[in-house]
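The structure appears below as structure tokens.
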Amino acid sequence: MRTVDWQNNAVRLIDQRVLPGRFEVIDYTDYRELAKAITEMVVRGAPAIGAAGAFGMALAAQQSAARGRDGLLNDLAQAKAVLDAARPTAINLSWATNRVMTLAGHLVLPNPDDIRSAVLAEAQKIADEDVEINRRMAMHGAALIADGDTVLHHCNTGALATVDYGTALGAIRMAHEQGKRVHVLVDETRPRLQGARLTAWELKQLGVPFDLIADNAAGHFMYTGQVQAVFVGADRVAANGDVANKIGTYKLAVVAKENSVPFYVVAPTSTVDPSVPDGTHIPIEERPMDEVLGLETHGERVAPEGITARNPAFDVTPNRYVTAIVTENGVVRPPYGEGLRRAVRNV
Ligand code: MRU
């Protein structure tokens, strides 16, 4: 099933907080509850929260009691502000809500129910396109993987991080489906453990050979020549090719360059934000410290009580560490400015 879907007038999400222990879905009929679910990471991964945001706009349209076009557009604008604030770093969220809002604003339909239908149709289109875009990206990305390669992967960028299929993990999956022998080193990805919980769960089901590694082990594997490429996703790509992605990505990229290991970012053009000139302008979400302090082993908290922690959810990798950015419209190599502009315009 899809990670994000529209079923019986509700947004259906796979609850990623409880995987892999339990597979549960939750239906949302209130856009405010959906925004909370995005913040709490019931759904996570840039393209998946983009699709969730688009469906959130459809919920808002459905919830709105407005009897005229202007009233409905006002309600949609309010919902957009709530949804966009749910997670600040991934640009896909506001990209998707903008797309729905722009469509609604351009419609000259006097009957608000027709606008409601058009909003839902646009959200569904965003979700359907995501799956198709992922497959195109995966084709380009898989071409960068040779038979017998071991690739290192951070966070979760698979079907769970998208509507279906995946970005960086999609490329790895495609290489495997093409019959290449590919082995994956899966970073656990502290503190939320998206690698240990979600990527491991996905790869196990797909039958892709992998080993889970502690985040701290990545440097060792690169230094000892056991990694042929690093594959990651992105939450936002600046106009100059700086990349915001899951915390820890920057460290991986620096070590990759030091060891001449190619570092590939796989991201749809909806993740490119031409309005930010470089990575220093990308807002970095800082999440609750409990995500760091709450780690338990043998039912006991690891960290002492009464201490504080810092928990940035993302970091920025400067473009000089990025070998290539794989989009649905092709592989972009440095210098990134013009290449990314062309990829976004698909020319
Ligand atoms: O905090 P998360 O789990 O939403 O972070 C996800 C990532 O950092 C992914 O690498 C990124 O969103 C790309 S997902 C295809």
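Counting convention: from 1, in listed order, for ligands and their atoms alike.
The closest approach between any non-hydrogen atom of Cys155 and ligand 1 is below 4.0 Å. Assignment of Arg87 to the shell around ligand 1 is supported, since a heavy atom sits closer than 4.0 Å. Look at Val232 and you'll find every heavy atom at least 4.0 Å from all atoms of ligand 1. For the ligand labelled ligand 1, residue Ala90 lies outside the 4.0 Å heavy-atom shell.
Counting only heavy atoms of the protein, atom 14 (S) of ligand 1 lies nearest to Ala161 CB, 3.6 Å. For atom 7 (C) of ligand 1, the closest non-hydrogen atom on the protein side is Asp235 OD1, 3.2 Å. Atom 15 (C) of ligand 1 has Thr167 OG1, 3.0 Å as its closest protein atom, hydrogens excluded (heavy atom only).
In terms of polar-atom proximity, Ala46 is counted as a contact of ligand 1, with an N or O under 3.5 Å from an N or O of the ligand. For a threshold of 3.5 Å applied to N or O pairs, the pair formed by Asn245 and ligand 1 contains at least one separation below that value. In terms of polar-atom proximity, Arg44 is counted as a contact of ligand 1, with an N or O under 3.5 Å from an N or O of the ligand. Inclusion of Gly45 in the set of residues having an N or O under 3.5 Å from an N or O of ligand 1 is warranted.
When non-hydrogen atoms are compared, ligand 1 lies under 4.0 Å from neither the backbone nor the side chain of Ala48. No part of His154 comes within 4.0 Å of ligand 1, judged by heavy-atom distances. Of the heavy atoms in Arg192, none comes closer than 4.0 Å to ligand 1.
Under the 3.5 Å distance criterion, with hydrogens and angles disregarded, no donor-acceptor pair is assigned to the side chains of Arg12 and Gln7. A donor-acceptor contact closer than 3.5 angstrom is absent between the side chains of Thr327 and Asn329. For the residue pair Thr189 / Asp187, no side-chain donor-acceptor distance below 3.5 Å is found, with atom types taken as modelled. Looking only at atom types and distance, the side chain of Asn98 has a donor-acceptor partner in the side chain of Lys80 under 3.5 Å away.
Applying the side chain to side chain donor-acceptor pair (under 3.5 Å) rule to pairs touching residues 208-217 yields His183-Asp211, sequence neighbours excluded.
Partner of Glu129 under the salt bridge (Lys or Arg N to Asp or Glu O under 4.0 Å) criterion, chosen from Arg136, Arg99, Arg135: Arg99.
Between Pro20 and Trp201, the shortest heavy-atom contact is CB-CD1, 3.4 Å.
Interface atoms of ligand 1 facing Gln194, defined by a heavy-atom separation under 4.0 Å, are 1 (O), 2 (P), 3 (O). Within the listing of ligand 1, atoms 10 (O), 15 (C) sit less than 4.0 angstrom from a heavy atom of Thr157.
Between His153, Lys246, Arg287, it is Lys246 that holds the heavy atom closest to atom 5 (O) of ligand 1.
Hydrophobic clustering (side-chain heavy atoms under 4.5 Å, transitive across Ile, Leu, Val, Met, Phe, Trp, Tyr) groups Val237 together with Val230.
Using a 4.0 Å cut-off between a side-chain N of Lys or Arg and a carboxylate O of Asp or Glu, Asp114 and Arg69 do not qualify as a salt bridge.
Side chain of Asp315 to backbone of Tyr250: a donor-acceptor contact under 3.5 angstrom is found.
Arg310 is listed as a side-chain neighbour of Glu286, based on a closest heavy-atom distance under 4.5 Å.
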